[in-house]
Amino acid sequence: MPIFLYNTLVKTNQEFKPLHDGKVLMYNCGPTVYSHPHIGNFRSFLFADTLRRCLEFKGFAVTQIMNITDVGHLLEDQDEGEDKMEMAARREKKDPRQIAQFYTDEFMEITGLLNCLPASKYPRATEHINEMIELIQKLIGRGYAYVVNNAVYYDITKFPGYGKLSGNPLDQLQAGARIEVHPDKKNPMDFALWKHDPKHAMQWDSPWGKGFPGWHIECSAMSAKYLGETFDIHTGGEDNIFPHHECEIAQSEGASGKKFVNYWMHVRHLLVDNEKMSKSKGNFYTIKDILNKGFSPMALRYLLTSTHYRQPLNFTLESLGAAQTAVQRLLDFRARLQEQALPAPDGQPGAETISCVIDNAITKFENAMDDDLNISEALAAVFDFMREANKLSLDKTGSARLLATFDRFNVVMGLKIEEKGLLDSEIEGLIRQRNEARKNKDFAAADKIRNDLKSKGIVIEDTPQGMRWKKI
RNA sequence: GGCGGUGUAGCCAAGCGGUAAGGCAACGGUUUGCAAAACCGUGUAUCUCCGGUUCGAAUCCGGACGCCGCCUCCA
């Protein structure tokens, strides 16, 4: 069955058809590494991961490129504002490169904690300055850009398609509404490809003198290098639609004369307690904030991915708690299947019954994901599947089949499966003592040991098939 | 001013013309030595409000109200 994806470019669902059979070329706008990533950032990155997983579930081989923005980006106007890297560097009394490295490391760590599959490559902007310069030269050569005072600007009037992604009619944009229009620009909406500012800490040599790249050029340069001039999918947060992605299109299509991206996908910003997340409102959470409160990374992953990516997910600590419980149920279910700890092989269902449960679930799950990643409906299929499975008495083969099915769903859900590991001898000894006590009907002693074990993070469950334990 | 989204039970959230999925929480029950897990059952949801279209609307149209996004560097 084909998968349908919502394409911002045409504002509707389209059947996904890759450029090359069975392969997907995808670029995700990644982090700007100047501060701790927050839950909103990771809604976007987790969407990219889920999309990639979903495409792999569908059988595609995905090449995934996620950029690391480690340069530039002024907070205000180009010659006056503060650079994020520099500001962070001053705040933390470090070199801008150290800042970038520190937050890149943190980003990679969190990516792992949240069980994101590693992208094929994480190219850094600062390692592709030459590619950017070449691209800018190409744009100048083709008449799309002009040089003024050691800087280069893109001449927006040369690219009639400007505005096609965002739907912003050029003549309606309020140029200068938020920032002053730079006097060197021919048109108010022209944007910088290469900037000149002697005060800037990070400088590179260029044909136009020392300077640094504009914000948008890195994605055009790096996507072309790793994916080609035309590729399948480009993702980002909804705020990237304009101006960032609009400018990328102008740059890439201006330089290549070819279509840049076939499918543009954008993630809606999340809300916290039904309001925009902001530091001043006190509802601003970094990923580390959440984990430090004791929530599991998988609970966070589940919550951030379980709402459709184009809906305004409302993040609350209460719903994060609910997510944690739901994840626990999913993982417990899988563990029981793996241990074949479901009810006794007594009146086992036929293979046909099991097939029916599996086929229903897979059909419902896949149909949901095919519909522009309707994850909520897909998860409903998983929970229905789990309930049906829990009712069955299973033998080894049945358990294995259900386990394989769960793991197929988990290709998309991305829950980290921890190996149970072994118990240390002290714990094993306690468990033996408890079993002995129970055998002797000394329930007081048995319950005391059970409580002791719980305080050590080991939960004991007595089932008709015997005792089982799990770590919490 | 221009462009756009959204409002569904205590909380989160699907459904987008045929009469309300799923998760969490809560309350009963089965099971258990007691638990846990699991299973079964329980939710009168004025689908923000007011009009309209339709045999029929949470779903389409108009209006009101709330919340939110973009309009040059915020995912």
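Order of the sequence lines fixes the chain letters, A, B, ..., with proteins taken first and strands second; residue numbering starts at 1 for each chain. As the structure is a computational prediction, the values presented were derived from the model and not from experiment.
Within the nucleic acid shown, A/Q324 has no heavy atom closer than 4.0 Å to any nucleic acid atom. A/R434 comes within contact range of at least one nucleobase, with a heavy-atom separation under 4.0 Å. Residue A/I460 is in base contact, counting any heavy-atom pair closer than 4.0 Å across all strands shown. Counting non-hydrogen atoms under 4.0 angstrom, A/R268 reaches a base of the nucleic acid. Using a 4.0 Å heavy-atom criterion, one finds that A/N274 contacts the sugar-phosphate atoms exclusively. At a threshold of 4.0 angstrom between heavy atoms, the contacts of A/G40 include nucleobase atoms, whether or not backbone atoms are also involved. Heavy atoms of A/R450 sit under 4.0 angstrom from at least one base atom. Using a 4.0 Å heavy-atom criterion, one finds that A/I241 contacts no nucleic acid atom at all. Here A/D462 lies in heavy-atom contact (under 4.0 Å) with a base.
Separating the C1' atom of B/rG7 from that of B/rA14 is a span of 15 Å, rounded to the nearest Å. Between B/rA13 and B/rC50, the two C1' atoms lie 27 Å apart (nearest whole Å). Of the C1' atoms belonging to B/rG66 and B/rG29, the separation is 42 Å, rounded to the nearest Å. Taking atom C1' on both nucleotides, B/rA75 is separated from B/rU59 by 31 Å, rounded to a whole Å. Separation of the C1' atoms belonging to B/rG43 and B/rG52 is 32 Å when rounded to the nearest angstrom. Here, B/rG5 and B/rC47 have their P atoms 23 Å apart, quoted to the whole Å.
Regarding contacts with the backbone of B/rA36, every side-chain N or O of A/K454 stays at 4.0 angstrom or more from both OP1 and OP2. Listed pair A/R310 / B/rG69 fails the phosphate criterion, with no side-chain N or O lying under 4.0 Å from OP1 or OP2. For the pair A/N314 and B/rC12, the criterion of a side-chain N or O lying under 4.0 Å from OP1 or OP2 is met. A/N390 has a side-chain polar atom (N or O) that falls below the 4.0 Å cut-off from OP1 or OP2 of B/rC39.
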Step by step, work out the salt bridge (charged side-chain N to carboxylate O under 4.0 Å, His left out) result for A/E339 and A/K420. CA-CA 10 Å; A/E339 296 167 31; A/K420 220 172 150 182; 2.9 Å; yes
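The side chain to side chain contact (heavy atoms under 4.5 Å, CB included) test with A/C116 is passed by exactly one of A/D49, A/I110, A/T50: A/D49.
Residue A/H269 contributes atom NE2, which lies 9 Å from atom C1' of B/rC70 at whole-angstrom precision. Atom P of nucleotide B/rU72 and atom CD of A/E246 are separated by 12 Å, given to the nearest angstrom. Atom CE in A/M189 sits roughly 11 Å away from atom P in B/rC73 (whole-Å rounding). As a whole-Å value, the separation of A/L271 CG from B/rG7 P is 12 Å. Distance, A/E218 CD to B/rU72 P: 19 Å, rounded to whole Å. The distance between atom CZ of A/F315 and atom P of B/rC12, rounded to the nearest whole Å, is 13 Å. Summarising the geometry, the separation between CG on A/L165 and C1' on B/rU72 is reported as 15 Å, rounded to the nearest angstrom.
Looking at A/T69 and A/N67, their side chains do bring a donor and an acceptor atom within 3.5 Å of each other. Inspection of the A/H38 and A/T286 side chains reveals no N or O donor paired with an N or O acceptor under 3.5 Å.
Looking at A/D190, its side chain does come within 3.5 Å of a backbone N or O of A/N187 through a donor-acceptor pair.
Of the candidates B/rA75, B/rA25, B/rC70, the closest approach to any side-chain atom of A/F242 belongs to B/rC70.
For the atom pair CH2 of A/W194 and CD1 of A/I136, the computed distance is 6.0 Å after rounding to the nearest 0.5 Å.
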